[in-house]
S.K.: 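Dropping a structure here in structure tokens format, bear with me for questions.
Just so we're on the same page: letters track the sequence lines, and every chain starts at 1.
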There are 2 protein chains.
Amino acid sequence: MIRGQRRSDAPGMAVTRLMALAPLDGAALDALDQAMEDARAVRVRRDIITEGREIVQAQLLLSGWAARVRLLPDGRRQFLSFLLPGDLIGACDHPHALAVSTVVAMSDVLVCPLPQAAAGSPLHVAYAISRAMDEGHLLAQITRLGRLNAQERISDLLLELHERLTLNGSATGNGFDLPLTQETLADALGLTSVHVNRMLQQARREGDLQWRVGHVKLTDPAGLARKIGHLPVRVTAQ
Amino acid sequence: MIRGQRRSDAPGMAVTRLMALAPLDGAALDALDQAMEDARAVRVRRDIITEGREIVQAQLLLSGWAARVRLLPDGRRQFLSFLLPGDLIGACDHPHALAVSTVVAMSDVLVCPLPQAAAGSPLHVAYAISRAMDEGHLLAQITRLGRLNAQERISDLLLELHERLTLNGSATGNGFDLPLTQETLADALGLTSVHVNRMLQQARREGDLQWRVGHVKLTDPAGLARKIGHLPVRVTAQ
DNA sequence: CGACTTATTGAAGACCGTCAATTACTGTGG
DNA sequence: CCACAGTAATTGACGGTCTTCAATAAGTCG
């Protein structure tokens with residue numbers, strides 16, 4: 001049991017997400033409950049896993065935001081993807097796996113060991129689907145960076161985050177908490193914070209979104225998605 | 001057995017790569033031999049799998065180049081990654097999996113069904129490592145597009161391709177065949193073909209590489225890698 | 001309150017895109 | 001063997017998006 005932090009209902013979002021991916025049976029829920037007993041708190045800005053180090057234990061993000069990130073020798077930084085409650089961390093199934101990217105906490109987070117799942121079990125299916133969605137998010141990120149302009153990149157990322165947070169029950173209608181600075185957004189979108197700031201102002205002026213520090217509200221997600229040709233990630237038929 | 005095309009030694013590169021990832025036993029090699037009996041030829045520019053369609057059978061690329069690609073509604077195109085002999089196509093392990101990207105043949109290619117691998121078998125390990133490397137390549141692509149300039153993007157991608165082709169035995173020292181047009185390169189690097197052309201000329205002038213249609217020779221791969229801070233993808237300890 | 005981070009604004013310029021034309025190629029058929 | 005079409009590579013002029021470099025305002029926390 002973690003100290004100084006009650007096992008609140010927040011981690012429920014992680015289970016909500018996994019349930020949305022594949023219907024979990026009692027055994028799976030028990031395994032998750034069990035794993036949560038060994039939850040571990042990681043402070044904002046601390047590494048959860050480190051690039052190039054051996055992965056000793058796959059983990060499940062229970063609450064808070066994390067991000068996969070790469071640092072270049074000269075100090076440039078690139079966020080590869082964001083991880084939300086219910087996302088897997090370091091889940092690969094070969095021996096002596098090295099982390100291919102650092103995972104850093106973007107807020108104070110709670111993680112727990114990822115319960116083992118027998119081949120074919122509901123939990124196993126949920127993991128596979130989760131990994132496939134992760135891959136989908138990476139592909140979306142590549143397309144964003146390669147072929148969208150600044151305005152489109154911002155909208156596209158916010159739409160993705162909104163969809164994902166809706167899936168795990170963290171969004172409130174069209175609004176959601178976004179614990180990211182404009183500089184962080186810039187390092188995710190391949191832009192400078194100055195330009196992100198200008199484009200965000202433009203988006204606000206045009207009525208596409210409302211922005212308070214730590215909170216975003218999209219005026220019309222569906223309309224915005226149509227406007228920029230955004231498609232949600234889908235990895236299974238029904 | 002495929003018709004009109006002898007089962008040449010070319011597919012051997014695919015086995016070479018898988019062997020390099022994990023030492024395969026006789027059973028694995030037999031399974032691969034068996035699968036190659038059902039090899040299928042796909043013409044350049046044809047889809048091997050199509051985004052959004054259900055994946056009926058994972059495949060192994062035996063010879064030729066393929067690429068994962070996304071097309072935007074307005075005609076913009078983004079290549080997500082390139083696939084070389086020995087790479088897996090559509091290998092995901094959840095039911096009713098949908099392809100998250102189209103895979104298109106960049107040259108005439110040979111593919112075969114991916115042999116089943118029992119959990120824990122050498123083949124299974126090779127697949128897992130291959131998938132992890134694929135992910136590494138996607139992360140590298142994100143970093144390229146997000147934080148490298150045009151010159152660095154070109155060098156970084158060529159270095160990656162050189163490393164991968166060396167792994168499966170397709171490179172000849174510092175040179176390798178590159179069946180890509182400058183426009184294709186542009187759509188992979190988030191640039192225009194005009195700018196790729198100019199940057200390639202600059203790289204040639206500065207002595208970094210030689211470029212003939214369909215063939216590249218890097219003057220000093222290790223030096224170039226140091227110069228732009230390129231790191232090869234590594235996913236296992238030793 | 002004071003130190004720190006984050007957001008905002010302005011001016012200047014670099015990098016890369018767009019448009020359009022020209023020059024190689026490559027393969028095909030007469 | 002050459003004419004031809006189609007694709008790919010190359011070049012030039014110009015413009016826009018985004019960056020860089022400051023500086024200032026606003027917010028946060030002990």
S.K.: Taking only nitrogen or oxygen atoms into account, show me every contact under 3.5 Å that the protein makes with nucleotides 15-18 of chain D, one pair per line with its distance.
M.R.:
| from | atom 1 | to | atom 2 | distance (Å) |
| --- | --- | --- | --- | --- |
| D:dC18 | OP1 | A:Ala150 | N | 2.9 |
| D:dC18 | OP2 | A:His195 | NE2 | 3.1 |
| D:dC18 | O5' | A:His195 | NE2 | 3.3 |

S.K.: Listed in order of residue number, which residues of residues 138-147 of chain A have a non-hydrogen atom at under 4.0 Å from DNA chain D?
M.R.: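 The answer is none.
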
S.K.: Please say whether more than 12 non-hydrogen atoms of neighbouring residues, nucleotides or ligands are located less than 6.0 Å from CZ in A:Arg204.
M.R.: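 Count over threshold, so yes.
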
S.K.: Report the C-alpha distance between B:Glu152 and A:Arg76 in whole Å, list the side-chain angles of each, state the deciding distance to 0.1 Å, and finish with yes or no for salt bridge (Lys or Arg N to Asp or Glu O under 4.0 Å).
M.R.: CA-CA 13 Å; B:Glu152 295 168 325; A:Arg76 285 178 284 187; 3.1 Å; yes

S.K.: Whole Å only: how far is the NE2 atom of B:His215 from the P atom of C:dC25?
M.R.: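 For the pair B:His215 NE2 and C:dC25 P, the rounded distance is 17 Å.
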
S.K.: Detail all sub-3.5 Å separations between protein N/O atoms and N/O atoms belonging to nucleotides 3-10 of chain C.
M.R.:
| from | atom 1 | to | atom 2 | distance (Å) |
| --- | --- | --- | --- | --- |
| C:dA7 | OP2 | A:Gln182 | N | 2.8 |
| C:dT8 | OP2 | A:Gln182 | NE2 | 2.8 |
| C:dT8 | OP2 | A:Asn197 | ND2 | 2.6 |
| C:dT8 | O5' | A:Asn197 | ND2 | 3.2 |
| C:dT9 | OP2 | A:Gln201 | OE1 | 2.3 |
| C:dT9 | OP2 | A:Gln201 | NE2 | 2.8 |
| C:dG10 | N7 | A:Arg198 | NH2 | 2.5 |

S.K.: Hey, which of B:Ile49, B:Val42, B:Leu114, B:Val103 is the one that makes side chain to side chain contact (heavy atoms under 4.5 Å, CB included) with B:Gln59?
M.R.: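 For B:Gln59, the side chain to side chain contact (heavy atoms under 4.5 Å, CB included) test succeeds with only one of B:Ile49, B:Val42, B:Leu114, B:Val103, which is B:Ile49.
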
S.K.: Check the side chains of B:Glu163 and B:His230 for a donor-acceptor pair under 3.5 angstrom, ignoring hydrogens and angles.
M.R.: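 Note: B:His230 and B:Glu163 side chains meet the donor-acceptor criterion.
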
S.K.: Does any donor atom in the side chain of A:Ser130 or A:Arg17 lie under 3.5 Å from an acceptor atom in the other side chain?
M.R.: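 Note: A:Ser130 and A:Arg17 side chains meet the donor-acceptor criterion.
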
S.K.: Mind checking the CG-CD spacing from B:Leu209 to B:Gln202? Nearest 0.5 Å is all I need.
M.R.: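 The distance works out to 11.0 Å.
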
S.K.: If you compare all heavy atoms of A:Leu80 against all heavy atoms of A:Ser101, which two are closest, and at what distance to 0.1 Å?
M.R.: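 For A:Leu80 versus A:Ser101, the nearest heavy atoms are CD1-CB, 3.7 Å.
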
S.K.: Of A:Arg147, A:Lys227, A:Arg144, which is the lone residue that meets salt bridge (charged side-chain N to carboxylate O under 4.0 Å, His left out) with A:Asp156?
M.R.: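 Per the salt bridge (charged side-chain N to carboxylate O under 4.0 Å, His left out) rule, the option paired with A:Asp156 is A:Arg144, out of A:Arg147, A:Lys227, A:Arg144.
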
S.K.: Locate the shortest heavy-atom distance separating B:Leu62 from B:Pro85; write the atom from each residue and the value.
M.R.: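 Result for this residue pair: O-CB, 3.4 Å.
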
S.K.: For A:Glu51 and B:Arg234, run salt bridge (Lys or Arg N to Asp or Glu O under 4.0 Å): C-alpha distance rounded to whole Å, both residues' side-chain angles, the deciding distance at 0.1 Å, then the answer.
M.R.: CA-CA 10 Å; A:Glu51 182 170 353; B:Arg234 295 203 48 226; over 6 Å; no

